[in-house]
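What follows is a short report on a single structure.
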2 protein chains.
Amino acid sequence: MDWSIQEIAKIAGTTSRTLRHYDDIGLLKPSRTGPSGYRYYDGPALVQLQRIILLRELGLGLPAIAEVLGRETDTIKALTSHLEWLAREQDRLTRQIASVRQTIDTMKGDGQYMAQNMFDGFDHTQYKDEVEEHWGKEAYAASDSWWRGMSAEEQQQWKDRMQKLGADWISAADSGVSPASAEAQDLARRHVEWLRGIPGTPSAVPGGDVKGYVTGLGEMYVADPRFAANYGGESGATFVRDALRVYAEKNL
Amino acid sequence: MDWSIQEIAKIAGTTSRTLRHYDDIGLLKPSRTGPSGYRYYDGPALVQLQRIILLRELGLGLPAIAEVLGRETDTIKALTSHLEWLAREQDRLTRQIASVRQTIDTMKGDGQYMAQNMFDGFDHTQYKDEVEEHWGKEAYAASDSWWRGMSAEEQQQWKDRMQKLGADWISAADSGVSPASAEAQDLARRHVEWLRGIPGTPSAVPGGDVKGYVTGLGEMYVADPRFAANYGGESGATFVRDALRVYAEKNL
DNA sequence: ATAGAGGTTGACGTTACGTCAAGGTCAAGA
DNA sequence: TCTTGACCTTGACGTAACGTCAACCTCTAT
């Protein structure tokens with residue numbers, strides 16, 4: 001007694017296409033094949049199929065299932081390592097959700113965001129990976145220990161200075177002057193001086209590529225809304241970038 | 001002043017292949033193309049690229065990013081709906097992790113598992129979706145309200161009865177008798193009677209396909225380790241299935 | 001015999017690129 | 001000027017697990 005492909009598909013709650021796929025990759029062969037090529041499945045095949053479906057619902061990949069079915073791997077081992085993978089995925093998702101929320105808040109113009117961040121718009125712990133990737137691990141470690149080494153008051157002073165600079169940039173951009181104007185260039189000078197105060201960055205080490213660093217940073221201000229928010233949005237960030245570029249070409 | 005494909009790739013922290021891909025799908029065209037077909041990118045292109053990369057890191061798909069860049073969709077809207085998707089994914093992962101943990105515990109032979117479960121090896125709330133899919137929504141609703149309607153004592157009695165049945169099956173299987181033997185057939189009779197006590201199942205309604213239900217259930221016992229655990233593992237479950245099949249053929 | 005349900009083997013589509021492969025192009029030194 | 005090595009180009013396949021036609025054959029009941 002056996003069933004046609006659609007019959008077991010219904011019994012097991014799957015589709016005939018899936019059965020053919022499993023046949024193609026050798027995961028589950030029909031117990032019998034008719035002279036016309038029709039596939040037929042019997043009881044033991046149904047059991048295997050249900051086992052496969054159960055493991056699939058748990059998220060295991062077909063190769064892993066094949067190993068389990070082939071007795072090459074213990075089911076418990078397979079599920080345990082799968083569980084680790086799931087946990088990592090969950091962790092990644094959680095981080096990503098936090099990042100997306102942050103970005104949305106920033107773009108909504110949440111005023112608190114700026115006050116809560118430092119290190120040129122970034123909270124180190126939040127954006128550790130990002131900072132490391134862009135400026136190197138040493139840069140992150142250096143600026144991190146520098147930041148932690150400051151007292152709360154010093155940190156507050158630093159934040160205030162940053163806010164002041166941001167506010168001045170915004171008003172300069174709003175006033176309609178050119179990025180090459182004396183006012184803007186003075187702000188650029190202040191900005192670079194300020195950057196020199198952050199250890200680990202090229203602007204703080206002798207012989208560092210200050211020019212490249214500053215212009216690159218300008219591009220980043222424009223591209224990343226989280227930075228741009230510190231300078232009044234994209235238009236403001238564009239102004240800052242242009243002013244920095246002019247300044248870097250002339251003086252660095 | 002512009003950069004070659006590898007240069008911006010490095011600046012932005014991506015690969016030239018990615019750049020070509022973005023060109024192919026029209027997401028980011030080079031600002032200039034040399035007579036030899038070489039791609040060159042300028043400042044604005046770099047800004048766009050960095051924006052793309054930022055959104056990609058947040059998990060947005062390329063079509064969604066294209067919409068945002070094409071001003072067809074608000075970035076905040078795109079991120080908000082993306083956030084919903086992320087939340088659903090996280091939820092799914094959480095459920096899957098719980099299922100995998102359960103399965104592992106069961107297969108490790110955790111004795112508590114059986115005692116904590118009911119409804120023929122299933123905890124309804126845990127396996128709501130599974131039960132609904134296999135036996136229908138009405139079946140779940142009916143048995144759920146039936147179970148909730150019982151007092152704690154009645155629930156305990158039910159569990160005890162189930163445990164007794166499971167234990168008897170295991171000892172019968174261990175004794176080496178045939179599934180068609182009188183002992184096994186008597187257990188099968190008890191099993192079916194017991195099933196008739198669960199409302200909403202085909203075995204409880206007049207005219208229900210009791211035979212199909214019972215044999216199908218037998219297959220499930222073998223295929224699903226969470227069920228099989230109630231009958232001493234796969235070999236025990238196989239014995240139960242065979243006995244039930246014989247019984248169903250003869251009497252249902 | 002015939003219709004209609006059901007089965008078979010391709011083969012493309014999906015996501016965002018990684019990874020060859022085969023063959024032009026560019027910049028710099030001999 | 002020629003050569004060489006680094007860099008660029010356009011295909012095209014692979015990835016996970018099937019969904020979805022398309023073109024054509026088979027089974028079953030009337």
Side-chain angles (χ1 to χ4, degrees), chain A residues 2-41 45 48-49 51-69 78 82 85-86 89 92-93 96, chain B residues 2-41 45 48-49 51-69 78 82 85-86 89 92-93 96:
Chain A
D2 48 17
W3 302 281
S4 73
I5 194 166
Q6 289 234 16
E7 285 167 351
I8 23 146
K10 270 179 200 157
I11 292 172
T14 184
T15 70
S16 59
R17 176 67 179 88
T18 298
L19 270 297
R20 280 186 213 103
H21 182 58
Y22 291 167
D23 187 5
D24 287 346
I25 65 175
L27 181 58
L28 181 66
K29 296 285 182 190
S31 54
R32 183 169 72 82
T33 305
S36 60
Y38 278 30
R39 296 173 175 83
Y40 297 96
Y41 298 80
Q48 284 286 74
L49 176 56
R51 232 199 284 265
I52 292 169
I53 291 175
L54 172 69
L55 293 174
R56 274 262 57 208
E57 286 171 355
L58 294 177
L60 256 79
L62 298 187
I65 294 176
E67 278 190 10
V68 170
L69 263 58
H82 178 52
W85 150 263
L86 286 174
E89 275 297 293
R92 197 177 58 77
L93 261 185
Q96 208 168 55
Chain B
D2 49 15
W3 302 281
S4 73
I5 194 166
Q6 287 233 16
E7 285 167 351
I8 26 146
K10 270 178 201 159
I11 293 172
T14 184
T15 68
S16 58
R17 176 66 179 89
T18 299
L19 270 298
R20 279 186 215 105
H21 183 57
Y22 290 167
D23 187 6
D24 287 346
I25 65 175
L27 181 58
L28 181 67
K29 296 285 182 189
S31 54
R32 183 168 73 80
T33 305
S36 61
Y38 278 29
R39 296 173 176 83
Y40 297 95
Y41 298 80
Q48 283 287 74
L49 176 57
R51 233 199 284 266
I52 292 169
I53 291 175
L54 173 68
L55 294 173
R56 274 260 59 208
E57 285 170 356
L58 295 177
L60 256 80
L62 297 187
I65 293 176
E67 278 191 10
V68 170
L69 263 59
H82 178 52
W85 151 264
L86 286 174
E89 275 297 294
R92 197 177 59 78
L93 261 185
Q96 208 169 54

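Order of the sequence lines fixes the chain letters, A, B, ..., with proteins taken first and strands second; residue numbering starts at 1 for each chain. Not measured: the values here are computed from a predicted model.
Side-chain atoms of B/Tyr38 and base atoms of D/dC7 include a donor and an acceptor less than 3.5 Å apart. For a distance-only test at 3.5 Å, the side chain of A/Tyr40 fails to qualify as a donor-acceptor partner of the base of C/dG7.
Contact annotation for A/Ser16: no contact, since no heavy-atom pair falls under 4.0 Å across all strands. Residue-level contact check: B/Arg20 touches the bases, meaning some heavy atom is under 4.0 Å from a base atom. In this structure, A/Gly34 reaches neither bases nor backbone, as no heavy-atom distance under 4.0 Å exists between it and the strands shown. Nucleic acid contact for A/Pro63: sugar-phosphate only, since backbone atoms but no base atoms lie under 4.0 Å from a heavy atom of the residue.
Note on A/Arg17: every side-chain N or O is 4.0 Å or more away from OP1 and OP2 of D/dT20. The side chain of A/Ser4 places an N or O atom within less than 4.0 Å of a non-bridging phosphate oxygen (OP1 or OP2) of C/dG7. Side-chain nitrogen and oxygen atoms of B/Ser36 include at least one within less than 4.0 Å of the OP1 or OP2 phosphate oxygen of C/dC26.
Panel note: side chain B/His82, backbone B/Leu58; a donor-acceptor pair is recorded below 3.5 Å. The backbone N or O of B/Gln96 lies less than 3.5 Å from no partner atom in the side chain of A/Glu57, so there is not a single donor-acceptor pair. Distance alone, capped at 3.5 Å, places no donor-acceptor pair between the A/Thr15 side chain and the A/Ala9 backbone.
Atom CD of A/Glu57 is separated from atom P of D/dA16 by 21 Å (rounded to the nearest Å). Residue B/Leu60 contributes atom CG, which lies 13 Å from atom P of C/dC17 at whole-angstrom precision. In this entry the distance linking NE2 of A/His21 with P of C/dT8 reads 16 Å, nearest Å. Rounded to a whole Å, the CG atom of B/Asp23 is 13 Å from the P atom of D/dG11. In this structure, the CD atom of B/Glu89 is 14 Å from the C1' atom of C/dT15, given to the nearest Å. One can place CD1 of B/Ile8 at 15 Å from P of D/dC7, the figure rounded to the nearest angstrom. Rounded to whole Å, the distance from CG on B/Leu19 to C1' on D/dT10 is 16 Å. B/Lys29 has its NZ atom 13 Å from the P atom of D/dT9, to the nearest Å.
Here the nucleotide nearest the side chain of B/Tyr22, chosen from D/dT9, C/dG6, C/dC17, is C/dC17. Comparing atom distances between the B/Ile5 side chain and each of C/dG7, C/dA16, D/dC8 picks out D/dC8 as nearest.
Using a 4.5 Å heavy-atom cutoff, the side chains of B/Arg56 and B/Thr14 are not in contact. Side-chain contact between A/Asp2 and A/Arg32 is present, with at least one heavy-atom pair separated by less than 4.5 Å.
Comparing A/Asp24 and A/Lys10 by the nucleotide of DNA chain C that holds the closest heavy atom to each, the one mapping nearer the 5' end is A/Lys10.
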